[in-house]
Amino acid sequence: MVNSRAVKKRTMSGPRPVVLSGPSGAGKSTLMKRLMKDHEDVFGFSVSHTTRNPRPGEEDGKDYHFTTKDAMEEGIDNGEFIENAEFSGNLYGTSKAAIEDVQAKNLICILDVDIQGVKRIKETDLNPIYISIQPPSMEVLEKRLRDRQTETEESLQKRLEAARIDMELSNEPGVFDVVIINDDLERAYEELKDILSDDIQKVQEAKS
Ligand SMILES: Nc1ncnc2c1ncn2[C@@H]1O[C@H](COP(=O)(O)OP(=O)(O)OP(=O)(O)O)[C@@H](O)[C@H]1O
Ligand SMILES: Nc1nc2c(ncn2[C@@H]2O[C@H](COP(=O)(O)O)[C@@H](O)[C@H]2O)c(=O)[nH]1
């Protein structure tokens, strides 16, 4: 892991993208939504494709592009995705268009992907900042996932199994630039904001 100063570099082509990863239920969406709400016109979300069913309140085209396995596989075969992975029995993927849509607006592109996505993005020239959001423990993670009431018992067990692998890999040197333990939400959010503060300021200055 390098210090946060070292990850505050930017690509020449515009704001450097941010990859948020970490176990399902660790708090990625919670932190990301707050970051985007508090910094309007700074961040843009890379809307992934998925074959899973929408949860109550999720909007097609905003939270995900909800699609079928056949359509997604066709898109993958046509080279429309920079990465894709199977997670908890469903396909997920980042389309090139999802990233281009954000970059065209000169916003910091945020990608929310699992650990497989992280590995695949490392094979591309996207050059994002890699941030892992981790829960304080497996017990806390399981409680958060159960309390969220979005998973069947089968899906929950698959997610916990994936989380064990994720938690091990996230500690390997060089995988992530920064690992944030999301125990106290306020503290985790302050840490995330601090890591991105230079990038946020540069986008704000460019717009003023
Ligand atoms: N620091 C925290 N303390 C307590 N609860 C939290 C904290 N952070 C997030 N939560 C809660 O934990 C649950 C999981 O959070 P969230 O949905 O943001 O996780 P996620 O990492 O985005 O999961 P997924 O990858 O499945 O989308 C939510 O109900 C959220 O309100
Ligand atoms: N490799 C990818 N992983 C993705 C993508 N979009 C989301 N995800 C990850 O999937 C799990 C489960 O998400 P959920 O919304 O069903 O709870 C989570 O870890 C996400 O980070 C993607 O495009 N590629």
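Bear in mind that the values here come from a model prediction, so they are computed numbers and not experimental data.
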Practice problem: Quick one: do Thr50 and Arg52 satisfy side-chain hydrogen bond (donor to acceptor under 3.5 Å, both in side chains)? Show the steps, please. | Solution: CA-CA 6 Å; Thr50 183; Arg52 84 153 161 75; 5.0 Å; no
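- For NZ of Lys119, the number of neighbouring non-hydrogen atoms (other residues, nucleotides, ligands) closer than 6.0 Å is 12 at most.
- Within a 6.0 Å sphere centred on CD of Glu205, other residues, nucleotides and ligands contribute more than 12 heavy atoms.
- Criterion: ILVMFWY side-chain heavy atoms under 4.5 Å apart, direct or through other members. Under it, Met36 and Leu196 are part of a common hydrophobic cluster.
- Cluster membership for Leu192 and Phe45, using ILVMFWY side-chain heavy atoms within less than 4.5 angstrom, is shared.
- Counting all heavy atoms, side chain and backbone alike, Val203 lies closest to Asn106 at CG1-O, 4.1 Å.
- Results of the salt bridge (Lys or Arg N to Asp or Glu O under 4.0 Å) test with Arg159 over Glu142, Glu151, Glu154 single out Glu151 as the only residue that passes.
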Practice problem: Apply salt bridge (charged side-chain N to carboxylate O under 4.0 Å, His left out) to Lys69 and Glu73, showing your working. | Solution: CA-CA 6 Å; Lys69 193 164 183 273; Glu73 283 174 346; 3.2 Å; yes
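- Minimum heavy-atom separation, Pro23 to Ala163: CB-CB, 3.6 Å.
- The two atoms that bring Ile108 and Pro15 nearest to each other are CG1-CB, 3.6 Å, heavy atoms only.
- Using a distance-only test at 3.5 Å, with no hydrogens or angles considered, a donor-acceptor pair links the side chain of Asp177 to the main chain of Tyr130.
- Applying the side chain to side chain donor-acceptor pair (under 3.5 Å) test to residues at least two apart or on different chains, the pairs with a partner in residues 28-37 are Arg34-Glu186.
- Taken from CG in Asn90 to OH in Tyr64, the straight-line distance is 9.5 Å, to the nearest 0.5 Å.
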Quiz item: Should Asn171 and Met167 be marked as a side chain to side chain contact (heavy atoms under 4.5 Å, CB included) after you check the CA-CA gap, both sets of side-chain angles, and the distance that decides it?
Solution: CA-CA 7 Å; Asn171 286 321; Met167 287 165 88; 5.7 Å; no
Quiz prompt | Stepwise salt bridge (charged side-chain N to carboxylate O under 4.0 Å, His left out) check, Arg120 with Glu123 | solution = CA-CA 5 Å; Arg120 295 199 176 120; Glu123 292 161 7; 5.8 Å; no
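- Heavy-atom neighbours of Glu168 CD from other residues, nucleotides or ligands within 6.0 Å: at or below the threshold of 12.
- Leu141 contributes atom CG, which lies 7.5 Å from atom CZ of Arg144 (distance to the nearest 0.5 angstrom).
- Once rounded to the nearest 0.5 Å, the distance linking CD1 of Ile99 with CD1 of Ile82 reads 3.5 Å.
- Closest approach of Lys158 to Gly89, counting heavy atoms only: NZ-CA, 4.2 Å.
- Other residues, nucleotides and ligands contribute over 12 non-hydrogen atoms within 6.0 Å of the CD atom of Glu58.
- Side chains of Ser170 and Gln134: a donor-acceptor N/O pair is present below 3.5 angstrom, by distance only.
- Side chain of Asp60 to backbone of Phe66: a donor-acceptor contact under 3.5 angstrom is found.
- The structure places CG of Asp101 at 9.0 Å from SG of Cys109, a figure rounded to the nearest 0.5 Å.
- Counting only heavy atoms from C-beta outward, the side chains of Arg148 and Ser24 approach each other to under 4.5 Å.
- Members clustered with Leu107: Val102, by chain and number, using a 4.5 Å side-chain heavy-atom cutoff among hydrophobic residues.
- Listed here is the closest heavy atom pair of Arg16 and Asn127: NE-O, 2.9 Å.
- Checked by atom type and distance alone, the side chain of Thr94 never pairs as donor or acceptor with a backbone atom of Val113 at under 3.5 Å.
- Checked against the 6.0 Å centroid threshold, His49 and Phe81 count as a close aromatic pair.
- Of the possible polar contacts, none joining the Asn182 side chain to the Pro135 backbone as a donor-acceptor pair under 3.5 Å is found.
- Here the NE2 atom belonging to His39 is positioned 4.0 Å from the CD1 atom belonging to Ile200, to the nearest 0.5 angstrom.
- Checking side-chain atoms of Lys96 against main-chain N and O of Gly79 turns up a donor-acceptor pair under 3.5 Å.
- Distance check, rounded to the nearest 0.5 Å: CD of Gln204 to CG of Asp41 gives 9.5 Å.
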Exercise. Please test Glu190 against Lys193 for salt bridge (charged side-chain N to carboxylate O under 4.0 Å, His left out), starting from the C-alpha separation and ending with a verdict.
Key: CA-CA 5 Å; Glu190 288 305 315; Lys193 252 191 342 185; 3.4 Å; yes
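- For the 3.5 Å distance criterion, the side chains of Asp38 and Tyr189 qualify, holding a donor opposite an acceptor.
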